[in-house]
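Below is one structure; the comments refer to it alone.
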Amino acid sequence: MDKKILSYFSGDIKSALEKTNENINEIRIRINRHLSVVCSGKSYFLSKDGTLSASSFNCPLSDVNAVNQIFEAVCRYSVHSFQKDICNGFITVQGGHRVGICGTAVIQNRNIVNIKDISGLNFRIASQIIGCSDNICNIAFASGLKSIIIAGAPLSGKTTVLRDICRRLGKKHRVSLIDERGEIAAVWNGLPQNDIGEYTDVFNGYSKRDGIESAVRVMSPDIIICDEAGNEEDYFSFRYALTCGINLAV
């Protein structure tokens, strides 16, 4: 388990995570519920001795204080500094891991302006698997750069593959990475924590629209890479890049 992740926990929860040898994809913390994890797409309880179980017996229990303490640690004990991220429903922490937030939405003018009474947190563990995109890249880019869409179900490894594509292409081509959620490069204090290629320029925290427009205007990329496309604004941003003759990997 990544020590950066363990630093957010304490007590029995931290102890159980330290003891486990399982390849955990998600850690789920819920008020008055037992510690659970996701491994290979399946949900389990995690016992105090670090083993997976179908039963919650002998598994750490999270009370409201534990959840609040973890939440404050994720926010680096400055919750107001992460207000935008909280309203978006997640915070990206060191290492590119994403912490999803469940609670009560505070609505103003049909917009979420805060999430209060935090009831649960989901740590989605990011991983860099060097070489996992080799087959895709060998086929897709055999005759040169072109646009590509990576599609799949949740937890199928889309971001992991895209991260490796960025690493490979960034060794030879000018890549502009629009890392809206900070999951691909995992920038921390201005420095990417992941290998994203020597020729890759990172637009960290930019929206796809702003990042793509900036990249096209000032970085002359051979290809633009960004994660989790889906809404109409993304479509128009992609069309703008393609109209300018720039390839996309999303």
(message) So does Phe90 get a backbone contact from the side chain of Asn88, meaning a donor-acceptor N/O pair under 3.5 Å?
(response) no
(message) Is any side-chain heavy atom of Ile13 closer than 4.5 Å to one of Ile29?
(response) yes
(request) Run the salt-bridge test on Glu233 and Lys208 with the 4.0 Å N-O cut-off and return the result as yes or no. (result) no
(message) Could you check whether Ser207 and Asp210, counting side-chain N and O atoms only, form a donor-acceptor pair closer than 3.5 Å?
(response) yes
(request) For residues Asp227 and Asp179, determine if any side-chain heavy atom of one lies less than 4.5 Å from a side-chain heavy atom of the other. (result) no
(request) Could you tell me whether a side-chain N or O of Asp63 sits under 3.5 Å from a main-chain N or O of Asn65, the two making a donor and an acceptor? (result) yes
(message) Test your reading of the model: is there a side-chain donor-acceptor pair from Asp195 to the backbone of Gly197, 3.5 Å cut-off?
(response) yes
(request) May I have the step-by-step check of side-chain contact (heavy atoms from CB on, under 4.5 Å) for Asn247 and Asp222, ending in yes or no? (result) CA-CA 7 Å; Asn247 295 290; Asp222 297 317; 5.9 Å; no
(request) Decide yes or no for Ile5 and Ile27: does some side-chain heavy atom of the first lie under 4.5 Å from some side-chain heavy atom of the second? (result) yes
(request) Examine distances only and state if a side-chain atom of Thr92 and a backbone atom of Arg181 form a donor-acceptor pair shorter than 3.5 Å. (result) yes
(message) Using modelled atom types and a 3.5 Å cut-off, is there a donor and acceptor pairing between side-chain atoms of Ser15 and backbone atoms of Asp12?
(response) no
(request) Check whether any side-chain heavy atom of Ile165 lies under 4.5 Å from a side-chain heavy atom of Ile150, and answer yes or no. (result) yes
(request) Would you mind reporting whether Ile196 and Val202 have side-chain heavy atoms less than 4.5 Å apart? (result) yes
(message) Under a 3.5 Å distance rule, please check whether Arg163 uses its side chain to pair with a backbone N or O of Ser127 as donor and acceptor.
(response) yes
(request) Report yes if the side chains of Asp164 and Arg167 come closer than 4.5 Å at any heavy-atom pair, otherwise no. (result) yes
(request) Using the salt bridge (charged side-chain N to carboxylate O under 4.0 Å, His left out) rule, take Asp234 and Arg209 through it: C-alpha gap first, then chi angles, then the decisive distance, then the call. (result) CA-CA 7 Å; Asp234 292 344; Arg209 182 193 65 186; over 6 Å; no
(request) Would you mind reporting whether Asn25 and Arg124 have side-chain heavy atoms less than 4.5 Å apart? (result) no
(message) Would you say the rings of Tyr77 and Phe71 are close, in the sense that their centroids are separated by under 6.0 Å?
(response) no
(request) Say whether, by atom type as modelled, one donor and one acceptor occur between the side chain of Ser7 and the main chain of Lys4 under 3.5 angstrom. (result) yes
(message) Is the shortest side-chain heavy-atom distance between Ile101 and Ile91 below 4.5 Å?
(response) yes
(request) Establish, for the pair Arg174 and Tyr199, whether the NZ or CZ atom is under 6.0 angstrom from the six-membered ring centre and no further than 45 degrees off its axis. (result) no
(message) Just by distance, no angles: are the side chains of Asn122 and Arg30 close enough, under 3.5 Å, to form a donor-acceptor pair?
(response) no
List the atom pairs, donor and acceptor, that lie under 3.5 Å between side-chain atoms in residues 38-51 and the rest of the protein, sequence neighbours left out.
unit_1	atom_1	unit_2	atom_2	d
Asp49	OD1	Thr51	N	3.1
Asp49	OD1	Thr51	OG1	2.7

